[in-house]
Structure formats: C-alpha cells, structure tokens
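Structure record follows, encoded as structure tokens.
Chain letters run A, B, ... following the sequence lines, proteins first and then strands; every chain starts at 1. Remember, predicted model here, so these are calculated numbers, not experimental data.
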Amino acid sequence: MSSTRIYIKSATQISMQQPLSEEWLVNPVISNEPYVRSTDPDFKQWLTPLQSRRMGKILKRALTTSLKVMNDSGVEQPDAIMTGTGLGCVENTERFLYQLCQEGEDLLKPTNFMQSTHNTISSLIAIHRHLHGYNTTYSHKGISFETAMLDAITQMRLGDIRTALVTGNDEMSPTYYSILQRIGYVGQPGQVPASEASVAMLLTVDPVDSLCEIEDIQMGYIHPLGANNPAVPTTQVDKLVLGTNGIPAHDVLYEKIASQFQGVSRMDYKRLFGENYSASALGLYAAAHLLHQGYANRLLFVNHCDGQNIAFVTLKRTS
Amino acid sequence: MEPIVITGVGIISALGSNKHETLEALKAKRTGMAPPHYLQTKHREFPVGEVKKSNEELKHMLGISSEPTTRTSLLGMLAVQEALKEAGLLATAAGNEPAAVTFVNGTTVGGMDKTEQYYLDFLQNDNYNDYIRIHDCGSTTNLIADNFGTLFTQCFTVSTACSSAANAIIFGANLIRSGQTEIAVVGGAECITKYHLGGFNSLMILDHEQCRPFDETRAGLNLGEGASYFVIETQDSACRRGVIALGKLSGWGNACDAFHQTASSDEGEGAFLAMQKALSMAGLQPHDIDYVNAHGTGTPNNDQSESRALRRIFGNQLPQVSSTKGMTGHTTSASGSVEATICLLALQHQFIPVNYGWRKPMSDGIMVAMDTKPNHPLVHAMCNSFGFGGNDSSLIISSFAP
C-alpha cells in the first residue's frame with residue numbers, strides 16, 4: 001500500500017454550539033441541561049422551501065453541512081460519500097414504528113418508511129448533487145463516523161479515490177432520549193447533555209489549505225477477558241482529545257489511556273458537544289480546528305463505545 | 001493485486017440451514033416461499049421466504065440459552081459459525097490463533113423484530129430494557145461477534161439497505177487489500193419484520209403471489225430472510241494456514257444511482273456503473289462473465305431498470321442471468337451475501353441457479369435462465385445488489401485455480 005498522505009480540508013457542524021461556525025473556540029455554549037437539541041442555522045441559505053418541507057431535521061442538517069464543506073473546500077464533486085450514523089433517521093423511524101404498534105399494520109405511511117433507512121442521508125446528498133461515485137453508510141453505535149473515515153482513508157491509500165465527503169449524523173428525539181435514558185446511555189447524574197450531531201468533513205490527498213493531516217486511524221474490539229485487545233498508540237502528542245462524558249464507568253477507560261500520556265493537555269469535547277452516537281464526529285471536527293488554530297501540533301483522539309468498540313485517530317498540524 | 005480468496009462459506013435462508021441444504025434446493029429448483037408462519041403478521045396474503053426455524057430452534061442449534069437475542073443475530077451467528085468452521089477458524093487450538101480476524105456485517109433491520117414487539121413498553125416502563133440495548137445495527141454485529149469468544153478484533157456494520165451485505169464484502173475486501181487485516185468475515189444478516197413488510201406494503205411493491213422477477217406479469221417482490229458470510233483472506237494467508245480456496249473475489253464496484261430514494265433510474269445508471277467498475281477491477285471483459293445473479297426483485301421498476309443496465313454492459317451477448325429471489329425471497333440486507341454464496345455454489349458445482357417463477361418475457365426485457373445445466377464451464381459469476389437510495393453494488397466471484 002502506498003504512503004499517501006491524507007488531509008482534512010474542511011469540516012463543519014450543526015450541534016448544541018453555534019451552527020456552521022467555530023464560535024465554540026472562543027465563546028462556547030455551556031449547558032447543564034440533561035438534553036439539548038441542536039441549534040439550527042437558517043436553512044434558507046442552503047435549501048429551497050420545497051426541499052426543506054420534504055426533509056426531516058437530520059436530513060436538512062446533513063445536507064447543509066455537506067454543501068458547506070463542499071463549497072468551502074472547492075471540492076464540489078467528491079469521489080466518494082461515506083456516512084456514519086448510529087441510529088439513522090430516528091424521527092421517521094419512530095413515526096412509522098409508533099403507527100405500527102398503535103394502529104396496526106394497515107395504513108402505514110410510505111414517506112416515513114422511505115426515509116427511515118440509515119442510508120437515506122448518504123444517498124440524499126448524492127441525489128441532490130448527482131454524485132454517482134462510491135456511496136455507503138456505516139451504523140455501528142458510537143464508532144459509526146470513524147468507520148466511515150476508515151473507509152475513506154483506506155480507499156485513498158489504495159489510490160481508488162482522491163476526495164471523500166465523510167459525514168456523521170444523529171438526531172435525538174424526545175422519545176428516543178427517554179428510551180436511551182432508561183438504559184443509562186444519557187440523562188444520568190453528572191453526565192454531559194444528551195445532544196445531536198451533524199458533521200461533514202471533506203477529506204483529500206491534496207495538502208493545500210488543509211485544516212490538518214490524518215496520520216493514522218486504528219480501530220479495535222475490546223474483549224472483557226483481554227486477548228487480542230488493541231494497543232494504545234505510542235505516538236508523541238501534545239494533546240489528547242477524549243470522549244469522557246461524566247459517567248465514571250464510561251470514563252475509566254479514557255482515564256487509563258490518559259495516564260499513559262503524563263503532562264499532555266487534553267480536551268474533553270463532550271463537555272461542549274454532549275453525548276450521542278455521532279458525538280465522536282464532533283470531537284474529530286473540533287480536533288481538526290484545534291490543530292488549524294495552533295492549539296496543538298499533533299494530537300491523539302480516542303473514542304470508545306460501551307468499552308467494546310474503540311477508535312484511535314492521530315491528527316497532525318499542517319499550517 | 002494479490003488474489004483475495006474465499007476460504008469459508010456459511011448460509012441460512014428459506015432454502016435451508018446450511019450450505020448443503022441450500023445447494024440441494026437450488027439444484028432441485030425448489031422454492032422456500034410460503035405464507036408467513038413465524039412472523040406474527042396479519043398480512044397472511046404475502047408469500048415470504050422465512051427460515052423454517054423458530055427462534056428457540058435457532059438457539060438450540062447454536063447451543064445457547066441466554067437472552068437477549070434478536071432473530072437477525074441468531075441467523076447471523078449460525079451462518080458465521082458455518083463459515084468459520086469451513087475456514088478452520090472455529091475453536092482454533094490454543095497458541096495457534098490467527099493474528100486478527102475482522103468482522104464486517106451488513107444489516108438494516110438490526111433488532112427491529114424485538115423493538116416492534118416491545119416498543120410501547122420501551123416508551124412506558126423498564127420491562128424490556130435489554131432489547132433497547134440491542135435495537136441498533138451495531139449491537140446486532142457485536143452480539144454475533146461475542147458468540148465467537150475473542151476471535152474478532154474489529155467489528156464494523158454497514159447499513160445501505162438491500163445492498164448492505166455486498167458493501168460489507170467490499171469494505172472487508174478493501175481492508176485486506178490495504179494490508180490492514182489478514183482475514184475478514186464479511187456478509188450480512190436480516191430477519192423479516194412487520195416493520196419492513198409493512199413498509200414495502202405501504203410502497204405497494206409486494207406481490208400477493210409468488211414473485212416473478214423479469215416476467216412480463218411481475219407485480220412486486222416477496223420478502224425473505226437469512227444470513228450468509230464469506231471468510232476472505234489473501235491467497236498467501238490461506239496458503240500459510242493450509243486452507244483450501246473455494247473461490248476468488250476478483251472484483252467489485254459500488255456506485256450511486258443518485259436518482260430517487262426508493263426508485264431506480266430508467267437507464268439503470270448506478271447499476272451500470274457498479275458492474276462496469278467491478279469488471280474493470282477484475283480485469284475482465286463482459287464476455288468473460290458466465291453467469292449473472294441479478295438483483296431482480298420482481299418489482300416492475302427494478303427489473304426494467306436492471307434489464308436496461310445489463311443490456312448496456314453486455315449488449316446482445318447476455319450471459320446466463322437469473323434472479324434467485326423467487327426461491328429465497330428478497331433477503332434485503334443479507335441478499336448481497338446470500339446471492340454471492342449462490343454464485344460461489346454455482347461455480348463450485350457447475351450449475352445455473354434458475355429464475356424460479358418466470359414464465360413470460362418482459363417486452364424490452366432480458367431472457368433468464370430456467371435450466372440448471374450450463375452449456376459451457378462456469379468460471380466468472382457476477383452478483384448484483386441494489387438498495388434504497390440507489391446504493392448499487394456488484395461483485396465478481398471466480399473459480400480459483402492456484
């Protein structure tokens with residue numbers, strides 16, 4: 001495999017912070033609420049009223065963030081689109097499911113079903129821009145976005161593609177919040193808010209005007225009894241970007257990893273962006289901008305989900 | 001590129017619980033379609049291709065008694081188990097464990113079978129919280145992986161609706177090709193749920209009778225369920241491990257139709273591009289393909305669009321083409337690997353899987369295979385899988401001669 005170098009050229013977000021902006025770097029929104037929905041931008045700048053009406057929140061956010069990074073990077077026709085989403089289009093799924101459980105199997109609405117598969121997001125972007133290239137969707141809990149990123153990096157290193165739009169999208173409806181609260185995933189005492197995420201990143205092999213370089217990505221599956229478990233990268237870094245969320249059982253693994261990097265400063269990004277299955281996309285977005293703004297030279301991003309699936313991403317400053 | 005070989009195969013579908021039963025059914029042109037028996041649906045009018053086992057029977061076959069499980073995860077475990085066994089990866093002697101086995105699973109339904117049963121409880125009480133935990137697609141993959149101890153060192157889930165398993169195979173193959181993993185178990189699993197039976201019904205694309213892909217009178221699809229996986233690795237890895245290559249994954253293509261969320265374009269652009277990419281990667285010409293397992297759902301739209309795409313690739317010299325969904329039903333997220341396995345069986349045993357249910361040619365359509373006897377040796381088979389959103393993929397499976 002070639003030693004192709006890969007860069008993040010543009011990255012934006014819609015979240016509990018100011019949308020489509022890096023305002024959080026200087027003037028962050030801090031919330032102590034257990035559940036905070038995203039602050040939406042004015043979609044009119046990006047979508048026609050007709051398009052807006054036909055799309056649920058997650059689709060509007062996904063399309064808007066994608067259009068912005070394609071615009072900002074000047075890569076209007078990326079070779080590939082990869083999306084990560086833990087739960088897909090939740091609001092449509094819930095509507096369809098509720099109708100099925102409450103009213104039975106007749107008279108179900110096709111629109112809700114059509115927009116309830118996880119790949120609706122990636123294909124919507126392709127349809128909107130007539131992009132016939134590689135298009136896929138990963139749905140693996142909290143590591144969905146990193147899987148999408150791994151796919152893009154793999155194909156760039158193989159020389160199959162040169163540009164990729166990688167997105168991470170999850171929405172948190174009030175009912176889904178209450179369901180996830182039941183199992184202790186969100187809404188726990190001391191935990192960061194349950195939130196939503198829409199992130200788009202434009203990855204390219206072209207270093208010009210990039211936010212940072214993606215040096216490496218390692219993903220693994222952790223077994224309770226130890227064998228074959230992934231090793232923590234030993235790269236020299238000057239910052240850790242960690243997914244701690246305030247639940248001790250969840251944070252213990254991050255603290256264990258952080259203890260191997262004595263004296264290295266850290267960013268606990270979920271304090272700013274909250275917890276959801278695409279929170280790691282916001283963490284990587286934040287990490288890219290930290291490097292670009294000179295807050296670090298090389299950093300290690302760590303994300304795990306339920307102590308099972310784990311991802312390490314090493315990012316390096318380019319400007 | 002170093003050949004990627006297939007060293008293990010597992011399959012469970014309406015045609016049987018393993019590779020042998022599937023092969024016998026295919027050669028005997030037997031259909032697995034029947035009225036719903038295991039799915040508790042009021043839609044008795046739709047034939048479905050159910051795996052003819054209850055969840056309890058599936059658990060018994062696996063030797064597990066614990067809950068929570070979902071039907072998709074149980075089907076997945078059985079097919080993964082069969083594939084691992086053939087590839088010599090099951091219960092590997094201590095000290096002789098493979099360095100790293102990656103699991104790439106395709107599913108969309110995930111734990112929806114249990115969610116649709118307990119959703120109102122999810123909203124109101126804590127009685128079924130265990131099933132909330134395993135509702136999502138990734139949990140289905142983790143559940144399957146955990147059944148095999150510490151074998152899997154990476155677990156990923158692809159969810160591109162009906163092409164999920166094909167795209168899982170592609171991702172796993174790229175991880176091997178790039179040297180990031182040596183061995184991967186790739187494919188997909190999906191059970192039938194009331195959710196997507198109702199969904200396809202709301203789109204009015206289910207046939208009330210036995211489905212008839214590529215037939216002039218086709219009126220929609222029949223749903224099926226199942227799971228199938230390949231163990232894939234480099235030829236070098238297979239040699240070192242002393243396992244037999246059953247076939248070769250020689251090419252793949254993924255493209256987007258970029259036309260509509262649930263309909264295919266008239267010209268079948270996504271399908272055309274996917275097949276073209278797969279041929280180019282395999283270094284093959286259209287005339288090298290001996291058999292195409294079409295996506296062929298039986299909906300008026302898919303079969304018209306796919307016929308057009310096939311004509312654009314193959315011109316008037318079409319290879320033997322069939323859709324096997326008349327026998328298995330449309331196994332949705334699993335269909336890519338179920339049908340890739342059918343292609344591999346066809347190559348290994350030199351027969352053509354027939355287009356069950358077909359009688360009358362479509363005007364402007366393609367002729368399909370109805371006789372299992374090939375008129376020349378089968379070396380290269382193409383397998384098409386198309387999903388909602390125009391997520392179209394095509395795989396080329398070849399006989400392996402070292």
Partner chain A: residue of Gly110(B), Ser393(B), Ser202(B) with the largest heavy-atom pair count (under 4.5 Å):
Ser202(B)
Please answer whether the main-chain N or O of Asn119(A) pairs with a side-chain N or O of Ser122(A) as donor and acceptor at a distance below 3.5 Å.
no
Bottom line for Thr107(B): the part with an atom under 4.5 Å from chain A's heavy atoms is neither
By a 4.5 Å heavy-atom criterion (distance strictly below it), what part of Met112(B) contacts chain A: side chain, backbone, both, or neither?
side chain
Hey, are Glu171(A) and Arg61(A) close enough for a salt bridge, meaning a charged N less than 4.0 Å from a carboxylate O?
no
Part of Gln117(B) lying under 4.5 Å from any heavy atom of chain A:
neither
Chain B contact via Asp306(A) - side chain, backbone, both or neither, heavy atoms under 4.5 Å:
neither
Let me know if Leu124(A) has heavy atoms under 4.5 Å from chain B in its side chain, its backbone, both or neither.
both
Do you know which of Asp136(B), Asn142(B), Thr141(B), Leu203(B) has the most heavy-atom pairs with chain A at a distance under 4.5 angstrom?
Asn142(B)
Heavy-atom side-chain contact between Tyr134(A) and Asp79(A) under 4.5 Å:
no
Looking only at Ile179(A), Thr175(A), Ile310(A), Ile143(A), most heavy-atom pairs under 4.5 Å shared with chain B are made by Ile179(A)
If you measure from the Lys or Arg side-chain nitrogens to the Asp or Glu carboxylate oxygens, is any gap between Lys114(B) and Asp130(B) under 4.0 Å?
no
Examine whether an atom of Asn309(A) lies under 4.5 Å from a heavy atom of chain B, and if so say whether it belongs to the side chain, the backbone or both; otherwise answer neither.
side chain
Count the heavy-atom pairs under 4.5 Å between each of Leu108(A), Ile183(A), Asp160(A) and chain B, then report the option with the highest count.
Ile183(A)
Tell me, side chain or backbone of Thr93(A) under 4.5 Å from chain B's heavy atoms, or both, or neither?
both
Give a yes or no on whether the ring-centroid distance for Tyr176(A) and Tyr185(A) is below 6.0 angstrom.
no
Pick from Asp392(B), Ile132(B), Asn167(B) with the largest number of heavy-atom pairs that fall under 4.5 Å of chain A:
Ile132(B)
Interchain contact, Ser178(A) with chain B, by part (heavy-atom threshold 4.5 Å)
neither
Which heavy atom of Met219(A) sits nearest a heavy atom of Ala311(A), and at what distance?
CG-CB, 4.1 Å
Side chains of Thr108(B) and Phe388(B) in contact at under 4.5 Å (non-hydrogen atoms):
no
Taking Glu116(B) for the side chain and Leu100(A) for the main chain, is one N or O donor matched with an acceptor at less than 3.5 Å?
no
What part of Glu94(A) gets within 4.5 angstrom of chain B, counting heavy atoms only: side chain, backbone, both, or neither?
both
Would you say the ring centroid of Tyr118(B) lies under 6.0 angstrom from that of Tyr131(B)?
yes
Pick from Leu107(A), Thr147(A), Ile125(A), Thr83(A): which one has the most heavy-atom pairs with chain B under 4.5 Å?
Thr147(A)
Which region of Leu123(B), side chain (C-beta onward) or backbone (N, CA, C, O), has a non-hydrogen atom less than 4.5 Å from a non-hydrogen atom of chain A, or is it both or neither?
both
Do you know which of Ala274(B), Gly390(B), Ala255(B) has the most heavy-atom pairs under 4.5 Å to chain A?
Ala255(B)
Please classify the contact of Tyr195(B) with chain A as side chain, backbone, both or neither, using a heavy-atom distance under 4.5 Å.
both
Are the side chain of His132(A) and the backbone N or O of Cys256(B) linked by a donor-acceptor pair below 3.5 Å?
yes
Could you check which of Cys155(B), Gly389(B), Ser164(B) has the highest count of heavy-atom pairs closer than 4.5 Å to chain A?
Cys155(B)
Given that the side chain runs from C-beta out, which part of Gln308(A) has a heavy atom under 4.5 Å from chain B: side chain, backbone, both or neither?
side chain
Does a donor on one side chain sit under 3.5 Å from an acceptor on the other, for Tyr98(A) and Gln102(A)?
yes
Under 4.5 Å from any heavy atom of chain A - which part of Phe103(B)
neither
What is the minimum heavy-atom distance between Gly168(A) and Ala281(A), and which atoms define it?
CA-CB, 4.2 Å
Please classify the contact between His196(B) and chain A as side chain, backbone, both or neither, with a heavy-atom cut-off of under 4.5 Å.
both
Is it the backbone or the side chain of Leu131(A) that comes under 4.5 Å from a heavy atom of chain B, or both, or neither?
backbone
Leu87(A) versus chain B, heavy atoms under 4.5 Å apart: side chain, backbone, both or neither?
side chain
Can you tell me which of Leu97(A), Ile81(A), Thr117(A), Asp106(A) forms the most heavy-atom pairs within a distance under 4.5 Å of chain B?
Leu97(A)
Quick one: what part of Thr102(B) sits under 4.5 Å from any heavy atom of chain A, side chain, backbone, both or neither?
neither
Greatest number of heavy atom pairs closer than 4.5 Å to chain B - which of Leu180(A), Asn112(A), Leu150(A):
Leu150(A)
Has the side chain of Asp170(A) got a donor or acceptor atom that lies under 3.5 Å from a matching backbone atom of Gly86(A)?
yes
Of the listed residues (Gly88(A), Gly133(A), Ala80(A), Gly220(A)), which shares the most heavy-atom pairs with chain B below a 4.5 Å separation?
Gly133(A)
Is any NZ, NE, NH1 or NH2 atom of the basic residue among Asp126(B) and Arg182(A) found under 4.0 Å from an Asp or Glu carboxylate oxygen of the other?
yes
Is the side chain of Asn245(A) donor-acceptor paired with the backbone N or O of Gln191(A) at a distance under 3.5 Å, no angle test?
no
Strictly distance-based, threshold 3.5 Å: is any side-chain N or O of Thr85(A) a donor or acceptor partner for the main-chain N or O of Asn169(A)?
yes
